[in-house]
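Keep in mind that the numbers below use all heavy atoms, side chains included, and drop hydrogens, waters and symmetry copies. This structure is a prediction, so every number in the text was calculated from the model and none was measured. Positions are given from 1, in the same order as the sequence printed here.
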Amino acid sequence: MRRAIALAWRSAGHTRPNPPVGAVVVRDGRIIGEGRHRRCGGDHAEVAALKACKTSPRGAAVYVTLEPCSKPGRVGACCAALIAAGVKRVTWACADPNPTNRGKAARILRRAGIATAHGLCEDEASALIRPFAKHVTTGLPYVTVKLAMSLDGKICDDLGNARWISDGQSRRITGKWRERVDVVMVGAETVRKDNPSLLCHTRRNDDLWRAVVSRSGKMPHDAQVFTDAAKDRTLVFRDAVEAVRELGGRGFMHVLCEGGLGLARSLAAAGLVDEWISVLAPIVIGAGPLAKACRFTEGDQIVGCSREDAPCLLV
C-alpha cells in the first residue's frame with residue numbers, strides 16, 4: 001500500500017478535479033503491475049495497474065489508495081474493470097469522500113465474489129487526498145499558507161524587502177510543494193517587489209497556475225508572471241476570498257498562498273485556510289537591539305506551526 005501511495009503522490013497537482021490515486025497488483029507475493037491516475041480523462045489507477053501487469057492479473061490481489069469508483073464518469077468504473085480482470089481481493093486505504101461512490105465498492109465487488117478490505121495506511125492516504133476531499137464536498141480548494149519569517153517574527157525588513165529570508169534548502173522544499181499544488185497565489189506587492197516566477201524549480205509542472213490578488217489592479221506589465229512562457233496560466237483577482245471561490249469553481253483543488261501577510265490574514269479571517277506552514281529562519285531583521293543579534297552558527301532553518309485549529313507541516 002505504501003508503494004501505491006508513493007505512486008499517487010507523483011500525480012498530485014496534475015489530476016484535477018480528480019484525486020491522485022495509486023494502485024499495485026500482487027500475485028504470489030510479487031508485484032506484477034502498478035499504475036497511477038496521471039490526469040483527468042486518463043486511465044484510473046486500477047485500470048493503469050491492470051494494463052501494466054506482466055502476467056495475467058486473474059486471481060491477484062489489488063492494493064489501491066482510494067476506494068474504487070463504482071459509477072463510470074469520463075472513463076469506465078474501476079469496480080467493473082476489477083471484476084472483468086478476475087482479481088480475487090481488493091484492499092483500499094481510505095473511503096471515497098465523493099457521495100456518488102462512497103461505500104459502494106465493497107458491496108459491488110463482494111457480490112462478484114471478490115474479497116475486500118479497507119483502512120490499510122488510511123491516515124497516509126487520507127492526507128494525500130485532503131484537497132480533493134475538501135473540493136468534492138464544499139466546492140472550495142484546500143488552501144495552504146506558507147510564510148517565511150525571522151526569529152523576531154518579521155517577513156521582510158524595514159524597507160519591505162523579503163528576498164531571501166529562507167535559505168536554499170527551504171526554497172527547494174517550496175519547489176517540492178509547488179510540484180503538488182494546482183495554484184500558487186501571492187499578493188500584488190509580492191509581484192511588485194520580488195518579481196517572482198512562482199513556477200516549480202525542482203521539476204517542471206505545466207499544470208501549475210499562478211494567481212495574483214490586487215485590489216487596485218495596478219501591476220508591472222513586465223513582471224515574470226505576465227511575460228514568461230507560462231503567462232497564459234496567470235490569473236488576476238481583486239479580492240482574495242472571491243479568488244478562492246472562483247478557483248474552486250474552475251476545478252482547482254489545492255492553492256498554495258506564498259505571500260504576503262495581508263493576503264494570509266484576509267484568507268484566515270474568512271476561515272479559508274486549511275494548513276499553515278511557517279519557515280522560521282535563524283536571523284533577526286527588525287529594528288532595535290534584537291536586530292544586532294548574531295546569526296545562529298548551527299542549523300539552517302526551523303519549520304514550525306502556527307494556528308490552533310489548522311494543521312501544520314513539520315519538516
Side-chain angles (χ1 to χ4, degrees), residues 5 8-22 36-37 39-40 44-45 64-69 71 73-74 92-105 118-119 121-147 176-186 205 207-211 213 235 237 239-258 263-278 305-314:
I5 292 172
W9 271 118
R10 293 170 58 187
S11 291
H14 303 280
T15 61
R16 61 180 178 268
N18 294 342
V21 181
R36 59 188 172 98
H37 181 46
R39 60 181 56 251
C40 183
H44 286 189
V64 60
T65 58
L66 185 66
E67 178 183 358
C69 60
K71 291 187 177 182
R74 290 181 177 86
W92 56 90
C94 60
D96 192 337
N98 187 342
T100 302
N101 295 305
R102 186 180 181 91
K104 298 178 181 179
H118 60 87
C121 300
E122 184 175 9
D123 289 344
E124 296 169 55
S126 295
L128 169 68
I129 64 161
R130 280 175 187 159
F132 169 74
K134 182 180 180 184
H135 187 262
V136 79
T137 55
T138 69
L140 296 172
Y142 187 91
V143 177
T144 298
V145 171
K146 185 217 106 176
L147 291 174
K176 282 290 185 183
W177 291 328
R178 290 181 185 177
E179 288 181 19
R180 295 175 172 178
V181 303
D182 298 317
V183 181
V184 175
M185 177 187 288
V186 296
N205 181 358
D207 295 313
L208 182 66
W209 284 63
R210 287 90 57 97
V213 178
L235 300 170
F237 301 93
D239 179 80
V241 175
E242 291 179 5
V244 169
R245 290 172 179 163
E246 184 171 333
L247 289 170
R250 288 172 175 247
F252 294 110
M253 299 188 298
H254 195 173
V255 175
L256 173 63
C257 175
E258 293 195 20
L263 178 59
R265 282 174 172 167
S266 62
L267 293 173
L272 292 173
V273 179
D274 299 286
E275 182 178 37
W276 290 83
I277 300 173
S278 297
C305 58
S306 51
R307 207 181 75 182
E308 295 178 359
D309 59 343
C312 307
L313 181 62
L314 304 178

For the residue pair [X] and [Y], establish whether any side-chain heavy-atom pair is separated by less than 4.5 Å.
X	Y	result
V244	V255	no
V136	M253	no
V183	L235	no
R178	E258	yes
W276	L147	yes
L267	V143	yes
I129	P97	yes
V186	C257	no

Fill in: Option from T15, D207, N18 for which side-chain hydrogen bond (donor to acceptor under 3.5 Å, both in side chains) with R39 holds
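That would be D207.
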
Worksheet item: Under 4.0 Å between a Lys/Arg side-chain N and an Asp/Glu carboxylate O for K134 and D274?
Response: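 Salt bridge present between K134 and D274.
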
Worksheet item: In terms of the angle between their ring planes, are H118 and W92 parallel, tilted or perpendicular, with boundaries placed at 30° and 60°?
Response: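 Answer is parallel, since the angle falls under 30°.
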
Worksheet item: To the nearest 0.5 Å, what is the distance between CD (E124) and SG (C94)?
Response: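 Answer for the CD-SG pair, E124 versus C94, is 11.0 Å.
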
Worksheet item: Looking only at atom types and distance, does a side-chain atom of H135 sit under 3.5 Å from a main-chain N or O of G248, one as donor and one as acceptor?
Response: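 Here the side-chain-to-backbone pair exists.
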
